[in-house]
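These notes are about the structure you will find just below.
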Number of protein chains: 4
Amino acid sequence: MPRSQKQYKEIRKQKKQLILDSALELFAENGFHSTSMSKVAQKAGVSKGLAYNYFESKQDILDEIIKTGFDSIYSNFDLNHDGILTREEFEHFIRNSFKAIGKNRKFWKLYSAIIMQSDIAESMMEKYGDRSQIIMQMLNQFIKTMGSKDPEGDLMVISSLVKGSLLVVISAPEFFPLKQLEDKVTEACFRLITTK
Amino acid sequence: MPRSQKQYKEIRKQKKQLILDSALELFAENGFHSTSMSKVAQKAGVSKGLAYNYFESKQDILDEIIKTGFDSIYSNFDLNHDGILTREEFEHFIRNSFKAIGKNRKFWKLYSAIIMQSDIAESMMEKYGDRSQIIMQMLNQFIKTMGSKDPEGDLMVISSLVKGSLLVVISAPEFFPLKQLEDKVTEACFRLITTK
Amino acid sequence: MPRSQKQYKEIRKQKKQLILDSALELFAENGFHSTSMSKVAQKAGVSKGLAYNYFESKQDILDEIIKTGFDSIYSNFDLNHDGILTREEFEHFIRNSFKAIGKNRKFWKLYSAIIMQSDIAESMMEKYGDRSQIIMQMLNQFIKTMGSKDPEGDLMVISSLVKGSLLVVISAPEFFPLKQLEDKVTEACFRLITTK
Amino acid sequence: MPRSQKQYKEIRKQKKQLILDSALELFAENGFHSTSMSKVAQKAGVSKGLAYNYFESKQDILDEIIKTGFDSIYSNFDLNHDGILTREEFEHFIRNSFKAIGKNRKFWKLYSAIIMQSDIAESMMEKYGDRSQIIMQMLNQFIKTMGSKDPEGDLMVISSLVKGSLLVVISAPEFFPLKQLEDKVTEACFRLITTK
DNA sequence: AATGAATGAGCTTTCATTCAT
DNA sequence: TATGAATGAAAGCTCATTCAT
């Protein structure tokens with residue numbers, strides 16, 4: 001009784017995800033370079049050969065992990081895709097960024113380690129740079145709408161604060177409780193816009 | 001007739017620095033794990049063997065680089081070493097942190113990449129964790145003195161902002177001009193302390 | 001379709017033995033330190049990488065060789081494992097020691113070179129020292145039973161003679177024919193016990 | 001006031017001996033291959049360069065050590081150089097061999113480790129083989145004179161006993177006290193000659 | 001689809017030896 | 001005579017990747 005075409009596809013998808021998950025965990029824990037394909041395969045419970053059946057290379061696995069994560073960040077941004085950021089959408093974006101970290105700390109730890117490494121960061125910029133810039137422009141517009149006297153400067157400060165807070169939450173969660181920081185940062189963002 | 005003690009010492013000092021500089025550049029550019037000792041030696045214009053004459057291991061080079069950088073951060077903190085942070089000392093610390101980055105971007109790029117890499121970060125925490133905590137305590141005390149209603153929360157926000165701004169200055173200086181951010185962040189820090 | 005568990009196991013077993021044999025030959029011929037893993041792999045007709053697939057380290061190969069040899073010595077000792085050495089068992093032990101050398105000269109050449117090398121000898125003592133002592137005690141008991149006036153002294157002389165004769169048989173078989181020495185030594189051992 | 005030709009020669013001789021002594025100690029303690037020239041020079045308190053001024057290579061140092069030792073063994077043999085071994089000369093040889101070990105255990109430990117390593121043993125055989133054979137012939141003659149029924153066999157047994165006892169004294173002096181073994185072995189040698 | 005034996009390039013590290021001074 | 005910085009070949013070992021089965 002051979003499985004149907006569809007069943008095979010489903011199995012493939014699950015196996016692939018299994019490898020991705022194993023890799024993520026190990027990369028986050030021990031670093032990309034210190035994790036061997038042997039360990040990834042072993043953790044996933046498959047052979048090395050099979051892993052190479054699903055991915056072209058070790059780097060390929062990393063790329064796929066990063067892509068997934070990048071996509072998920074921006075799905076929380078400009079919810080109705082009208083190119084304009086409302087106060088609610090802005091707050092939603094900030095808060096959801098924190099929540100995303102709470103849900104998948106391993107990934108974000110790996111992610112932040114990865115984007116710091118210039119060789120990788122550059123190739124990512126090429127791929128995702130455009131999207132990044134669109135977001136910055138929307139934020140800029142939003143800050144202006146809020147009546148900022150120095151939109152450019154405020155944008156810099158706010159994006160520094162958001163990035164910094166996400167970073168400390170990721171790297172030292174024992175000192176920076178997620179929920180508390182989420183509230184403080186959200187509030188601070190609004191307060192930092194210089195209106196007078 | 002052999003060279004004098006002094007001559008040998010001078011040679012050693014210069015060569016060692018040469019190797020450190022080469023390593024810093026390559027580590028920052030390509031990451032620690034992706035940089036081989038061969039490349040370091042080649043860039044320094046010496047043989048691999050000589051590099052090992054000056055350093056016990058590749059890790060040893062990294063450690064020395066990190067130590068130097070770490071020391072330089074905290075030389076700008078609590079200038080008179082009385083354990084108490086004044087308004088002026090606080091501002092001086094913030095501003096000098098930015099200036100330090102301006103002076104040695106390469107190092108700070110490496111530094112920020114390194115502290116994100118879990119395998120390396122842990123051994124650093126063991127070495128420098130104590131000093132880090134002392135600083136946090138002094139900052140906490142300072143924020144209280146400034147009349148904060150929520151010192152703990154404000155400390156988290158401020159340190160997030162400072163770390164985040166240093167990070168963006170390091171990783172995307174073309175979008176975040178150093179001097180401008182320095183002023184904005186310094187001012188924002190004072191404004192963020194909730195006094196009412 | 002992959003090979004069966006059994007097939008893989010068989011391949012592993014054979015290749016492992018192949019590497020062990022090559023290593024033994026080279027270690028015996030040129031010494032442990034003067035034999036590189038490259039040479040071992042080359043002689044076995046495999047890649048260096050594969051050798052490390054089967055053994056954790058070069059030392060690991062040596063350990064396995066030594067263990068095998070050590071086990072084989074003492075399987076000829078105290079045949080019925082009752083802790084007491086009879087006249088027949090004693091003679092059997094002596095004679096079989098010679099026979100063992102005849103069967104695997106290479107190993108014994110390596111073995112005797114190894115136990116002389118202080119750095120390696122120490123770790124062996126830790127592993128096998130206990131067994132060695134048990135044997136000496138049994139020999140001591142045996143010599144007493146034979147009516148020796150100076151068991152301690154006789155034990156020293158006899159074990160010197162046995163060790164020495166095995167040594168010369170190993171290192172200069174052209175001058176010391178195995179069978180002839182076996183007979184002479186066996187007889188001498190009994191004659192050396194001072195009964196009057 | 002320049003030193004005289006003779007004084008210089010004396011200094012050279014002392015320095016050379018210093019290096020030889022340091023090398024011997026380290027070779028015996030850690031093995032030849034595990035001892036670096038750096039350590040030898042350091043222990044002797046001279047520079048590496050100077051060591052190479054006195055010796056052509058590391059191997060050269062070892063050769064000189066071995067040669068010295070070899071010469072010293074046979075200076076105790078056939079004292080009056082008449083080619084004939086008397087009972088007294090024989091006993092003197094045995095006893096002095098033990099005494100030599102007592103005087104310089106380090107050397108003999110190294111020596112016995114070295115001669116076990118076949119690559120070295122071979123080159124030694126070429127150099128010292130002749131002398132060895134002369135000794136064996138004299139011993140053979142001596143045993144005949146003593147009225148042995150099986151001179152060839154007795155020679156094998158006796159030389160095995162002597163070599164073996166020297167070996168155990170060197171490698172496990174805590175279990176085989178030198179003086180005691182010297183007496184027992186000397187006596188046993190005479191007893192082992194089969195006269196009936 | 002699946003296995004793991006096998007490869008080989010490249011890594012970190014060591015060290016006997018040389019040589020400018 | 002004396003120094004130690006400098007070299008370079010080779011060591012032990014790792015691991016991404018391939019491929020016969």
Side-chain angles (χ1 to χ4, degrees), chain A residues 3 8 11-12 15 33-42 46-61, chain B residues 1-5 7-12 14-16 33-41 45-60, chain C residues 1-5 7-9 11-12 14-16 33-41 45-61, chain D residues 3 8 11-12 15 33-42 46-61:
Chain A
R3 273 169 267 210
Y8 273 124
I11 289 173
R12 263 193 85 81
K15 275 260 159 88
H33 291 291
S34 302
T35 302
S36 70
M37 282 294 282
S38 280
K39 281 182 204 148
V40 172
Q42 195 176 33
V46 301
S47 70
K48 266 182 288 180
L50 193 60
Y52 276 90
N53 196 321
Y54 288 102
F55 298 93
E56 289 209 333
S57 66
K58 191 182 164 190
Q59 183 67 46
D60 191 29
I61 298 182
Chain B
M1 231 151 291
R3 273 172 268 212
S4 71
Q5 292 284 109
Q7 278 174 308
Y8 278 129
K9 210 173 170 182
E10 187 57 28
I11 290 173
R12 280 192 78 80
Q14 283 177 11
K15 275 283 156 71
K16 193 170 180 180
H33 290 295
S34 301
T35 303
S36 70
M37 283 295 279
S38 280
K39 283 183 204 147
V40 172
V46 301
S47 68
K48 258 184 294 178
L50 191 62
Y52 277 93
N53 194 321
Y54 288 102
F55 298 92
E56 291 208 333
S57 66
K58 190 182 161 189
Q59 182 68 47
D60 190 29
Chain C
M1 230 153 292
R3 273 171 266 212
S4 71
Q5 291 285 108
Q7 278 175 309
Y8 279 129
K9 210 173 169 182
I11 290 174
R12 281 193 76 81
Q14 282 178 11
K15 274 280 156 74
K16 195 171 178 179
H33 289 295
S34 301
T35 304
S36 71
M37 283 295 279
S38 280
K39 282 182 206 147
V40 172
V46 300
S47 67
K48 255 186 296 175
L50 191 63
Y52 278 94
N53 194 322
Y54 289 102
F55 298 92
E56 291 210 334
S57 65
K58 190 181 161 189
Q59 182 68 46
D60 190 30
I61 298 182
Chain D
R3 274 170 266 211
Y8 273 124
I11 289 173
R12 263 193 85 81
K15 275 259 157 90
H33 291 290
S34 303
T35 302
S36 69
M37 283 294 282
S38 281
K39 281 183 203 147
V40 172
Q42 194 177 33
V46 301
S47 69
K48 265 180 288 178
L50 192 62
Y52 275 91
N53 196 320
Y54 287 101
F55 298 92
E56 289 209 333
S57 66
K58 191 181 161 189
Q59 184 66 46
D60 191 30
I61 298 181

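Order of the sequence lines fixes the chain letters, A, B, ..., with proteins taken first and strands second; residue numbering starts at 1 for each chain. Please read these numbers as outputs of a predicted model, since none were measured by experiment.
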- prompt: Could you give the CG-to-P distance, from B/Asn53 to F/dT3, as a whole number of Å?
  reply: 17 Å
query: Which whole-number value in Å describes the distance from B/Lys9 NZ to F/dT3 P?
result: 19 Å
task: Measure the distance from OH on D/Tyr54 to P on E/dA16 and round it to the nearest whole Å.
output: 20 Å
Protein-nucleotide distance (C/Asp60, atom CG; F/dG12, atom P), rounded to Å: 14 Å
query: Any side-chain N or O of B/Arg12 under 4.0 Å from OP1/OP2 of F/dG4?
result: no
query: Which of the following nucleotides, F/dG4, F/dA6, E/dA2, is nearest to the side chain of D/Ser47?
result: F/dG4
statement: Whichever of B/Leu50 and C/Lys39 has the more 5' nearest nucleotide on DNA chain F, that residue is B/Leu50
message: Nearest whole Å is fine: how far is F/dT3 C1' from D/Gln42 CD?
response: 14 Å
- prompt: Taking all non-hydrogen atoms of both residues, which atom of A/Lys15 and which atom of A/Tyr54 are closest, and how far apart?
  reply: CB-OH, 3.5 Å
- request: Please report the closest heavy-atom contact between D/Ser34 and D/Lys39, naming both atoms and the distance.
  value: O-NZ, 3.7 Å
- request: Mind checking B/Ile11 for me? I need base, sugar-phosphate or nothing, with any heavy atom below 4.0 Å counting as a touch.
  value: sugar-phosphate
- line: Scoring nucleotides 16-21 of chain F by protein non-hydrogen atoms under 4.0 Å (B base, S sugar-phosphate only, - none) yields SBB--B
field: Closest to side chain of B/Val46, choosing from F/dG4, E/dG4, F/dT7
entry: F/dT7
- prompt: Going through the distances and angles, do D/Lys58 and D/Val40 end up as a side-chain contact (heavy atoms from CB on, under 4.5 Å)?
  reply: CA-CA 10 Å; D/Lys58 191 181 161 189; D/Val40 172; over 6 Å; no
field: Any C/Lys15 side-chain N or O less than 4.0 Å from OP1/OP2 of E/dA6
entry: yes
query: For B/Glu10 and F/dA5, what is the distance between atoms CD and P respectively, to the nearest whole Å?
result: 13 Å
